[in-house]
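Treat the numbers as computed from the prediction; the structure is a model and nothing was measured. Order of appearance sets the numbers: ligands from 1, and atoms from 1 within every ligand.
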Amino acid sequence: MTYIIAQPCVDVKDRACIEECPVDCIYEGTRSLYIHPDECVDCGACEPVCPVEAIFYEDDVPDEWEAYYAANVEFFNDIGSPGGAAAHGVVDKDHPFIAALGPQNTDD
Ligand code: F3S
Ligand code: F3S
């Protein structure tokens with residue numbers, strides 16, 4: 001099981017979640033961050049600190065953002081399990097689904 005980062009993170013990337021994760025499994029893409037499904041230990045520390053409430057336990061992802069589960073998982077298809085986001089650095093891509101979105105969360 002894992003936590004998932006959904007639509008409210010896209011084009012926002014507050015990054016407060018990164019500081020809370022004890023296993024450094026929240027990876028930064030171009031427009032969003034992604035939680036590694038195999039490295040996440042379900043501690044839940046990231047979820048309450050996101051100011052835009054983008055983080056959900058996988059069973060609690062709102063229906064409208066269901067696609068973000070696959071986005072978080074598939075983002076790592078060609079990356080594997082680096083075992084640490086800080087050392088791996090920013091990844092110069094997004095999941096194709098997120099890359100294709102128009103500007104998000106810009107009306108505030
Ligand atoms: Fe995104 Fe929220 Fe983390 S906006 S970077 S999921 S703190
Ligand atoms: Fe890290 Fe959040 Fe999972 S703090 S271990 S990504 S629940």
Side-chain angles (χ1 to χ4, degrees):
M1 304 298 273
T2 185
Y3 278 64
I4 294 295
I5 294 180
Q7 188 271 351
C9 182
V10 181
D11 297 334
V12 174
K13 299 206 307 185
D14 179 87
R15 300 183 182 84
C17 53
I18 294 173
E19 307 300 319
E20 300 300 321
C21 183
V23 295
D24 191 23
C25 71
I26 307 177
Y27 292 74
E28 183 174 349
T30 305
R31 298 180 62 191
S32 181
L33 276 73
Y34 302 83
I35 295 177
H36 198 298
D38 298 328
E39 296 178 359
C40 173
V41 296
D42 292 348
C43 77
C46 55
E47 186 267 331
V49 303
C50 175
V52 293
E53 298 183 14
I55 305 176
F56 299 89
Y57 186 58
E58 66 171 83
D59 287 346
D60 298 330
V61 179
D63 289 346
E64 62 184 313
W65 295 330
E66 199 174 6
Y68 286 82
Y69 174 80
N72 277 248
V73 172
E74 293 169 3
F75 180 77
F76 298 98
N77 279 354
D78 61 347
I79 296 173
S81 185
H88 191 264
V90 177
V91 184
D92 186 25
K93 68 163 189 170
D94 281 294
H95 185 276
F97 156 72
I98 290 173
L101 293 172
Q104 301 287 298
N105 303 308
T106 56
D107 57 354
D108 57 353

Give the numbers and elements of all ligand 2 atoms closer than 4.0 Å to a heavy atom of [X].
X	result
I35	6 (S)
C43	4 (S), 5 (S), 7 (S)
C25	1 (Fe), 6 (S)
V23	5 (S)
C21	1 (Fe), 4 (S), 5 (S), 6 (S)

For [atom], the protein heavy atom that lies nearest, with its residue and separation:
atom	answer
atom 3 (Fe) of ligand 2	C40 SG, 2.3 Å
atom 5 (S) of ligand 2	V41 N, 3.3 Å
atom 7 (S) of ligand 2	G44 N, 3.2 Å

Ligand 2-proximal atoms of T2, by part, heavy-atom distance under 4.0 Å: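 Looking at T2 and ligand 2, no heavy atom falls under 4.0 Å.
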According to a hydrophobic-cluster definition based on side-chain heavy atoms being under 4.5 Å apart (Ile, Leu, Val, Met, Phe, Trp, Tyr only), do Y57 and V23 belong together? no
Are V73 and F97 grouped together when hydrophobic residues (ILVMFWY) are joined by side-chain heavy atoms under 4.5 angstrom apart?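 V73 clusters together with F97.
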For residues [X] and [Y], report the shortest heavy-atom separation together with the two atoms involved.
X	Y	answer
C40	I35	CB-CG2, 3.7 Å
E47	Y3	CB-CE2, 4.0 Å
I55	C46	CD1-O, 3.5 Å

Report, one line per pair, each donor and acceptor closer than 3.5 Å where one atom sits in a side chain of residues 58-71; sequence neighbours left out.
residue, atom, partner, partner atom, Å
E58, OE1, T2, N, 2.8

With a 3.5 Å cut-off and sequence neighbours excluded, list the donor-acceptor pairs that the side chains of residues 6-19 form with protein atoms.
residue, atom, partner, partner atom, Å
Q7, NE2, Q104, OE1, 2.8
Q7, NE2, N105, OD1, 3.3
D11, OD1, R31, NE, 2.8
D11, OD1, R31, NH2, 3.4
D11, OD2, R31, NH2, 2.7
D11, OD2, Q104, N, 2.9
K13, NZ, E28, OE2, 2.9
K13, NZ, G29, O, 2.9
K13, NZ, T30, O, 2.9
D14, OD2, A16, N, 3.0
R15, NE, E28, OE1, 3.1
R15, NE, E28, OE2, 3.2
R15, NH1, K13, O, 3.2
R15, NH2, E28, OE2, 2.6

**Prompt:** Does the side chain of V91 come within less than 4.5 Å of Y34's, by heavy atoms?
**Reply:** no
CG/D94 to CG/L101 distance, rounded to the nearest 0.5 angstrom?
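Reported value, rounded in 0.5 Å steps: 9.0 Å.
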Closer than 2.8 Å to atom 2 (Fe) of ligand 1, which protein N, O or S atoms?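 Near atom 2 (Fe) of ligand 1, below 2.8 Å, one finds C50 SG.
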Return a table of donor-acceptor pairs under 3.5 angstrom between the side chains of residues 76-88 and protein atoms on other chains or two or more places apart.
residue, atom, partner, partner atom, Å
D78, OD1, K93, NZ, 2.7
S81, OG, E39, OE2, 2.6

